[in-house]
Amino acid sequence: MLLLIDAGNTKIKWAIWALDHKPGDWLEFQSVSHHDVGMLAHQWTNKKITHCFISNVAGETMLLSLTEQINAAGIHPSQMHVLHSQAQYG
């Protein structure tokens, strides 16, 4: 199972996807406000997640909060991959 996280400027969107499913055929998905980041570990615990991919434009503080939640969910740091996004204008 893959945990896919998109931390945007106002919301955190996440989905769990199995490799044997079609792209977009999510097993679970949710969108939460930044204020609710502390509840995410509960959502991700016991999901048999093998890798976590994060796209983050919400800043380093949000990335640290997400990392704490990922660790609290029992996902090993070696399973976490951060995709460094850059804001684009125009």
- Results of side chain to side chain donor-acceptor pair (under 3.5 Å) for E28 - residues two or more places apart only: K47
- Distance-only side-chain donor-acceptor flag, H35 / S33, under 3.5 Å: no
Is it the case that one hydrophobic cluster holds both [X] and [Y], taking links as side-chain heavy atoms less than 4.5 Å apart, direct or via other members?
| X | Y | value |
| --- | --- | --- |
| L4 | V82 | no |
| W14 | L19 | no |
| V37 | L63 | yes |
| V32 | I5 | yes |
| F53 | F29 | yes |

- Task: Classify the ring geometry between W26 and W17 as parallel (under 30°), tilted (30 to 60°) or perpendicular (over 60°).
- Result: perpendicular
Could you report the tightest heavy-atom contact between [X] and [Y], atom names first, then the distance?
| X | Y | value |
| --- | --- | --- |
| Q79 | T50 | NE2-O, 3.1 Å |
| H34 | G8 | NE2-O, 2.7 Å |
| Q30 | M39 | OE1-CE, 3.9 Å |

- Message: Applying side chain to side chain contact (heavy atoms under 4.5 Å, CB included), can you list everything that pairs with N46, at least two apart in sequence or on another chain?
- Response: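 Partners of N46 by the side chain to side chain contact (heavy atoms under 4.5 Å, CB included) criterion come out as none, since no residue qualifies.
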Would you say the side chain of [Y] lies within less than 4.5 Å of the side chain of [X], judging by non-hydrogen atoms?
| X | Y | value |
| --- | --- | --- |
| C52 | L2 | no |
| W44 | Q69 | yes |
| H51 | H81 | yes |

If you measure from [atom1] on [X] to [atom2] on [Y], what distance do you get to the nearest 0.5 Å?
| X | Y | atom1 | atom2 | answer |
| --- | --- | --- | --- | --- |
| S31 | D6 | OG | CG | 9.0 Å |
| I16 | H21 | CD1 | NE2 | 12.0 Å |
| Q43 | L3 | CD | CG | 11.0 Å |

- Item | I49, I75, I54, N71 screened by side chain to side chain contact (heavy atoms under 4.5 Å, CB included) with M80, the one that passes |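 The option that passes is I54.
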